[in-house]
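Scroll down for the structure; my scribbles are underneath it.
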Amino acid sequence: MGIENKNIRVRFAPSPTGYLHIGGARTALFNWLYARHYGGTFILRIEDTDRARSTPEAVNAILDGMKWLGLDWDEGPEKDGEYGPYFQTERLDLYKKFIDRLLESGEAYYCFCSAEELAERRKKKLAEGRPSIYDRKCLNLSDNEKKQLIKEGKKPAIRLKMPDRQIVVDDLIKGIMEFDSKLLSDFVIIKSDGIPTYNFAAVVDDILMKVSLVMRGDDHISNTPKQIVIYQALGIPLPEFAHIPMIMGPDNTRLSKRHGATSVIEYQKMGFLPEAVVNYIAHLGWSSGTNQEIFTIKELVESFALEKISHHSAIFNMEKLNWFNNEHLKRLSDEKYVEMLIPFLIEARYIELPLSEKKEKWLRKVVSLMKSRARNFKQFLEYGDYFFTDDFIIEEEAAKILEQTGVKDILEQLINKLKEIDKWDEENIECKVREMAHQLNLKGKQIIHPARVSLSGKTVGPSLFALMEVLGKERNIKRLEKIISKLSKNSEYTFPKPDNGKRVN
RNA sequence: GGCGCAAUCGAAUAGUGGUUAAUUCAGCUGGCUCUCAAUCAGCAAACGGGGGUUCAAUUCCCCCUUGCGCCA
């Protein structure tokens with residue numbers, strides 16, 4: 001760490017067809033950790049050759065996701081280095097040079113077969129129970145034949161001529177994998193519209209960008225032998241390869257929208273800390289080999305090692321992410337917590353900027369009470385709404401407590417007691433409430449429970465006395481009075497049901 | 001269908017040719033407490049199956065099964 005190593009160059013190469021999802025983020029993270037650990041270079045390359053599905057919005061979404069996670073790139077969009085451009089659609093001329101080389105050496109050839117023809121021949125082969133390998137119909141076309149076909153207006157694709165030998169992939173994670181080139185077929189490297197295919201563009205870019213290690217999801221394993229053949233046809237030494245296991249949904253299928261939030265930006269919106277998300281996804285398919293789970297980014301950089309990456313896919317678990325977030329949240333100072341929380345409070349219209357010093361101090365108190373309870377900022381707003389608005393909902397379970405006999409009297413007495421308090425702090429409030437319980441021969445909780453519900457609408461939350469202190473004397477009395485006015489003499493008033501009394505985690 | 005990858009508690013991971021197979025999340029029980037969270041103490045819970053190799057296999061090899069991925 002810290003020592004610059006110019007030979008180590010890795011890249012993250014997403015297609016801008018959507019937001020940055022959890023799986024992509026983890027691939028980016030591992031590459032980034034590797035680069036930072038060894039003092040290498042982390043490149044971000046946008047593979048936008050699929051023009052129909054690539055959008056500038058998606059590019060921005062990916063950049064935003066990366067930035068939020070703190071995965072800064074050394075070369076790439078907005079940060080041009082000497083190996084740019086970093087958008088594939090801006091690199092078409094570069095691919096052409098390599099294609100010409102392959103065409104000249106006979107390692108690649110033009111193919112005029114139409115999609116329809118190919119589909120038909122493929123169907124036939126499959127019916128015969130044979131693998132669908134390109135039949136090399138166009139391999140030996142004469143120059144005249146080619147000219148004729150071009151004259152007819154046919155646009156050729158370019159195929160790579162597969163050599164007849166075993167292809168060995170020596171993977172840093174999976175070990176040695178062998179593939180039979182006969183089964184690989186002469187695949188297309190340039191489509192008839194002149195756009196390079198994924199495998200070709202990626203290889204040329206990796207060559208030109210001097211990528212030393214290709215680390216990507218193991219869904220790319222079957223692309224690797226094809227890419228290796230391209231390197232070999234070009235006579236260029238191979239980079240190293242490392243294929244990392246994928247992240248699956250709880251039903252062990254590929255993570256997708258029906259599993260809930262898959263975009264990293266959604267986690268930002270839900271009020272997760274980027275360092276918690278990073279910490280969690282780092283542990284999906286990797287471990288330090290120790291019992292330590294909570295890592296700062298810096299610690300992750302220090303501990304990261306390819307050898308500790310597991311070989312099998314991992315299932316994304318929201319509960320554990322929540323736990324990681326809660327742990328990181330607890331480690332935040334109250335000041336920092338407030339700072340991070342403010343945007344969420346503004347969005348909920350609970351506060352407005354600028355903040356007075358008094359208000360900020362008050363916020364810190366609220367935070368100190370809620371810190372261990374909320375697992376993310378959205379949950380903070382949900383569990384702690386009553387700190388910020390008088391217009392909170394009384395949950396169904398909570399309303400039942402108010403319906404118990406005698407509650408009205410108790411709350412009336414409580415107001416009188418509270419009015420007697422001069423110095424409004426937790427200690428004095430507790431003292432008064434206990435005193436009242438003693439005088440009326442009640443248990444503490446007989447006062448505390450209905451009071452909590454009246455003041456917060458909930459049955460759960462921080463210590464009542466702390467809560468009362470933070471809320472302030474006036475607001476306490478106002479809220480209690482409001483509840484009393486709704487209660488009939490014997491407390492049989494039924495509270496309106498909340499729209500949604502259930503908490504959603 | 002072809003090719004490939006994988007397999008330890010419900011989940012994520014440790015781990016070893018001989019271990020009481022460990023930790024964290026989730027679950028459960030209890031302590032603390034005005035409730036919840038936090039915290040503390042404890043419980044439960046796994047080596048997919050079959051063959052080898054070996055004195056000994058969860059660990060090494062092969063097959064099967066299952067899951068996943070890519071291509072079609």
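Residue numbers start from 1 in every chain, and the chains themselves are labelled A, B, ... in the order their sequence lines are given, proteins ahead of strands. Only this structure's heavy atoms are used, side chains among them; waters, hydrogens and symmetry mates stay out.
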>> Under a 3.5 Å cutoff, is there a donor and acceptor pairing between the side chains of R254(A) and S313(A)?
In response: no

> Heavy atoms under 4.0 Å, any strand shown: does G461(A) hit a base, just sugar-phosphate, or nothing?
Replying inline: base

>> Measure NZ/K458(A) against P/C34(B) and give the value in whole Å, please.
In response: 22 Å

> What nucleotide, of U13(B), A12(B), C5(B), holds the atom closest to the side chain of K174(A)?
Replying inline: C5(B)

> Is E430(A) salt-bridged to K432(A), going by a charged N under 4.0 Å from an acidic O?
Replying inline: no

>> Quick check on C5(B): is either OP1 or OP2 less than 4.0 Å from any side-chain nitrogen or oxygen of H220(A)?
In response: no

> Whole Å only: how far is the CG atom of N252(A) from the P atom of U66(B)?
Replying inline: 15 Å

> Going by an N to O cut-off under 4.0 Å, is there a salt bridge joining K478(A) and E481(A)?
Replying inline: no

> Please give, in whole Å, the distance from G4(B) P to I167(A) CD1?
Replying inline: 12 Å

>> Students often get this wrong, so: under 4.0 angstrom with heavy atoms, is F465(A) touching a base, only sugar-phosphate, or nothing?
In response: base

> Rounded to the nearest Å, what distance is computed from the CG atom of residue L369(A) to the P atom of nucleotide U35(B)?
Replying inline: 17 Å

> Separation of L284(A) atom CG from A11(B) atom C1', in whole Å?
Replying inline: 10 Å

> Got a donor-acceptor pair under 3.5 Å from the side chain of S372(A) to the base of A38(B)?
Replying inline: no

> Taking atom C1' in both C47(B) and A22(B), what distance in whole Å separates the two?
Replying inline: 13 Å

> So is K365(A) actually on top of W362(A)'s ring, under 6.0 Å and inside 45° of the axis?
Replying inline: no

> Quick one: does NZ or CZ of R36(A) land under 6.0 Å from the six-membered ring centre of Y34(A), within 45 degrees of the ring axis?
Replying inline: no

>> With nearest nucleotide decided by heavy atoms, which residue, N223(A) or K330(A), maps closer to the 5′ end of RNA chain B?
In response: K330(A)

> Contact class for M248(A) (heavy atom, under 4.0 Å): base, sugar-phosphate, or nothing?
Replying inline: sugar-phosphate

> Taking the same atom, P, in U24(B) and in G42(B), what whole-Å distance lies between them?
Replying inline: 11 Å

>> Taking the minimum atom-to-atom distance to the side chain of M246(A), which one of C5(B), G69(B), A6(B) wins?
In response: G69(B)

>> Identify the stems formed by RNA chain B, where each pair is Watson-Crick or G-U wobble with both distances under 3.5 angstrom and a stem is at least 3 consecutive pairs.
In response: B:1-7 with B:65-71, B:10-13 with B:22-25, B:27-31 with B:39-43, B:48-52 with B:60-64

>> Over all strands shown, is L464(A) touching base, sugar-phosphate only, or nothing at heavy-atom distances under 4.0 angstrom?
In response: base

>> Over 60° means perpendicular and under 30° means parallel, so tell me whether F392(A) and Y386(A) are parallel, tilted or perpendicular.
In response: perpendicular

> Using atom C1' of each nucleotide, how far apart are U8(B) and A21(B) to the nearest Å?
Replying inline: 9 Å

> Would you call the rings of F241(A) and Y231(A) parallel, tilted or perpendicular if under 30° counts as parallel and over 60° as perpendicular?
Replying inline: perpendicular

> Which nucleotide in the set A38(B), A14(B), C70(B) lies at the smallest distance from any side-chain heavy atom of S287(A)?
Replying inline: A14(B)

> Among A37(B), C70(B), C34(B), which nucleotide sits nearest the side chain of R373(A)?
Replying inline: A37(B)

> Just by modelled atom types, is the Q166(A) backbone N or O under 3.5 Å from a matching donor or acceptor in the S181(A) side chain?
Replying inline: no

>> Taking the minimum atom-to-atom distance to the side chain of H449(A), which one of C5(B), U35(B), A6(B) wins?
In response: U35(B)

>> So for S463(A) and C34(B), does any side-chain atom that can act as donor or acceptor lie under 3.5 Å from a complementary atom in the base?
In response: yes

> Across the strands shown, which category fits P462(A) at heavy-atom distances under 4.0 angstrom: base, sugar-phosphate, nothing?
Replying inline: base

> Base, sugar-phosphate alone, or nothing: which one does T459(A) contact when heavy atoms must sit under 4.0 Å apart?
Replying inline: base

> Tell me: CD1 of I294(A) to C1' of U13(B), nearest whole Å?
Replying inline: 14 Å

>> Do the side chains of E397(A) and K458(A) get close enough for a salt bridge, i.e. N-O under 4.0 angstrom?
In response: no

> Should K308(A) be listed as having a side-chain N or O under 4.0 Å from OP1 or OP2 of G15(B)?
Replying inline: yes

> Going by an N to O cut-off under 4.0 Å, is there a salt bridge joining E302(A) and K298(A)?
Replying inline: yes

> Is the shortest side-chain N/O distance from R434(A) to OP1 or OP2 of C34(B) below 4.0 Å?
Replying inline: yes

> On a whole-Å scale, what distance lies between the P atoms belonging to G4(B) and C64(B)?
Replying inline: 12 Å

> For the pair made of CG in N291(A) and C1' in U23(B), what is the distance, rounded to whole Å?
Replying inline: 4 Å

> Quick one: is R254(A) getting a side-chain N or O under 4.0 Å of the C70(B) phosphate, OP1 or OP2?
Replying inline: yes

>> What is the separation between atom CG on L184(A) and atom P on A72(B), rounded to the nearest whole Å?
In response: 12 Å

> Do NZ/NE/NH1/NH2 and the carboxylate oxygens of K482(A) and D390(A) come within less than 4.0 Å?
Replying inline: no

> What string of B, S and - do you get for nucleotides 25-32 of chain B, 5' to 3', if B is base contact, S is sugar-phosphate-only contact and - is no contact with any protein heavy atom under 4.0 Å?
Replying inline: SS------

> Between E403(A) and K400(A), is the closest basic N to carboxylate O distance under 4.0 Å?
Replying inline: no

